[in-house]
Amino acid sequence: MSSIAVVGSAAALLVLAGCAMSAPGSGGAEPPSSAPSAPEAPLVTGPQAQALLAGLPTPSATEPALAIGTVLDRDGGQVLCLGPVAESAPPQCDGPDLVGWDWSLVDHQEMSGVRWVQGIAAPVTYDAASGTATVAGELLDLASLTMPAIEYPTGDLDEAQVAAISEDLATLDRPDLLGHGGMDGVVVLDVVLDDGSIQAALDDIYGEGAVFVVSALR
């Protein structure tokens, strides 16, 4: 029932659809009351959140996406390194297996029987189920590419909340998750590919603004 202000003498009579509403002692109009805002939902972490993380999407890319990273030999094939690369000789890194790579097309380094090249840019498709990226076109000139900078948000998580979410993410044994860490009140999660579904799922679990997903394939 919407509030109705009554202005007039104390003898004024209000009849509303057969319901009597008694006015307060003074005959003046009452200021409208404002409903209290709903309390912010508490952050859920631990076993409950981890159970939800088990259903985190694993998107694939059937259309070519841009990969920028390092390629090196591994187990008779090649790996496309999209995450951190250890600056050793030869370097060490992790990422999806790369299919369709031709070493004759690039100037590369070799040591101890391992070949590698850094700073390649190539269109690739990606199959999350097999953890495989496939070259889907000619290599691109990295120097000529203009990539938009990633705008990292600022969040409201405290150190304990960042640590709790990080512990949750550490329970996931998935090759498409490249790493995570806290930054300016947000947990940043680096993945091989996100089409928006991983970000949406994490927003549902932790609330918007808690985890920021960065996709290596763009």
S.K.: Do Gln109 and Trp116 pair up side chain to side chain, a donor and an acceptor below 3.5 Å, judged on atom types alone?
M.R.: yes
S.K.: Linking I/L/V/M/F/W/Y whenever any side-chain heavy atoms sit under 4.5 Å apart, do Trp103 and Val135 land together?
M.R.: yes
S.K.: If we only count heavy atoms from C-beta on, is the His180 to Val188 side-chain gap below 4.5 Å?
M.R.: no
S.K.: Hydrophobic clusters here meaning ILVMFWY residues chained together by side-chain heavy-atom distances under 4.5 Å, can you tell me if Leu43 and Met183 are in one?
M.R.: no
S.K.: Does a side-chain heavy-atom distance below 4.5 Å link Leu177 with Leu169?
M.R.: no
S.K.: Going through the checks in order, is the side-chain contact (heavy atoms from CB on, under 4.5 Å) test met by Val186 and Thr154?
M.R.: CA-CA 6 Å; Val186 174; Thr154 299; 5.8 Å; no
S.K.: Can you get from Tyr126 to Val99 by hopping between Ile, Leu, Val, Met, Phe, Trp and Tyr side chains that sit under 4.5 Å apart?
M.R.: no
S.K.: According to a 4.5 Å side-chain heavy-atom criterion applied to Ile, Leu, Val, Met, Phe, Trp and Tyr, with indirect links allowed, do Val213 and Val187 form part of one hydrophobic cluster?
M.R.: yes
S.K.: Apply side-chain contact (heavy atoms from CB on, under 4.5 Å) to the pair Val191 and Arg174, showing each step before the final yes or no.
M.R.: CA-CA 10 Å; Val191 302; Arg174 287 176 39 166; over 6 Å; no
S.K.: Tell me yes or no: between the side chains of Gln50 and Asp168, is some donor less than 3.5 Å from an acceptor?
M.R.: yes
S.K.: How far apart are the C-alpha atoms of Asp94 and Arg74, what are their side-chain angles, what is the distance that settles it, and do they pass the salt bridge (Lys or Arg N to Asp or Glu O under 4.0 Å) test?
M.R.: CA-CA 10 Å; Asp94 215 345; Arg74 182 178 68 181; 3.0 Å; yes
S.K.: Rounded to the nearest 0.5 Å, what separates atom SG in Cys81 from atom CD1 in Ile68?
M.R.: 14.5 Å
S.K.: Is it true that, when you exclude Gln161 itself, more than 12 heavy atoms of the residues, nucleotides or ligands shown sit nearer than 6.0 Å to its CD?
M.R.: yes
S.K.: Does some side-chain heavy atom of Ile198 sit less than 4.5 Å from a side-chain heavy atom of Leu56?
M.R.: yes
S.K.: For the atom pair CG (Leu139) and CH2 (Trp101), what is the distance rounded to the nearest 0.5 Å?
M.R.: 5.0 Å
S.K.: Taking C-beta and beyond as the side chain, do Asp176 and Leu193 meet within less than 4.5 Å on heavy atoms?
M.R.: no
S.K.: Any heavy-atom pair between the side chains of Leu189 and Gln199 that's under 4.5 Å?
M.R.: no
S.K.: Out of curiosity, Leu52 CG to Ile205 CD1, how far, rounded to the nearest 0.5 Å?
M.R.: 5.0 Å
S.K.: Main chain of Ala164, side chain of Thr45: is a donor-acceptor contact present, judged purely on distance under 3.5 Å?
M.R.: no
S.K.: Is the closest side-chain heavy-atom distance between Val79 and Val71 below 4.5 Å?
M.R.: no
S.K.: In a check of side chain to side chain contact (heavy atoms under 4.5 Å, CB included) between Thr70 and each of Leu82, Leu80, Val85, which one passes?
M.R.: Val85
S.K.: Taking side chain as C-beta onward, heavy atoms only, is Thr62 less than 4.5 Å from Thr125?
M.R.: no
S.K.: Knowing that exactly one of Val117, Ile120, Leu72 qualifies, which makes a side chain to side chain contact (heavy atoms under 4.5 Å, CB included) with His108?
M.R.: Val117
S.K.: Linking I/L/V/M/F/W/Y whenever their side-chain heavy atoms sit closer than 4.5 Å, directly or via other members, would Leu53 and Leu157 fall into one cluster?
M.R.: yes
S.K.: Kindly write out the residues that satisfy salt bridge (charged side-chain N to carboxylate O under 4.0 Å, His left out) with Asp156, not counting sequence neighbours, or none if the list is empty.
M.R.: none
S.K.: Does some side-chain heavy atom of Tyr206 sit less than 4.5 Å from a side-chain heavy atom of Val44?
M.R.: no
S.K.: Using a 3.5 Å distance criterion without hydrogens, assess whether the side chain of Asp73 forms a donor-acceptor pair with backbone atoms of Gly76.
M.R.: no
S.K.: Given side-chain contact (heavy atoms from CB on, under 4.5 Å), test Leu202 with Phe212 step by step and report yes or no.
M.R.: CA-CA 9 Å; Leu202 291 171; Phe212 181 64; over 6 Å; no
S.K.: Give a yes or no on this: more than 12 heavy atoms of other residues, nucleotides or ligands lie within 6.0 Å of atom CD of Glu208.
M.R.: no
S.K.: So how far is it from Asp97 CG to Asp75 CG, rounded to the nearest 0.5 Å?
M.R.: 8.0 Å
S.K.: Is the side chain of Ser112 donor-acceptor paired with the backbone N or O of Val114 at a distance under 3.5 Å, no angle test?
M.R.: no
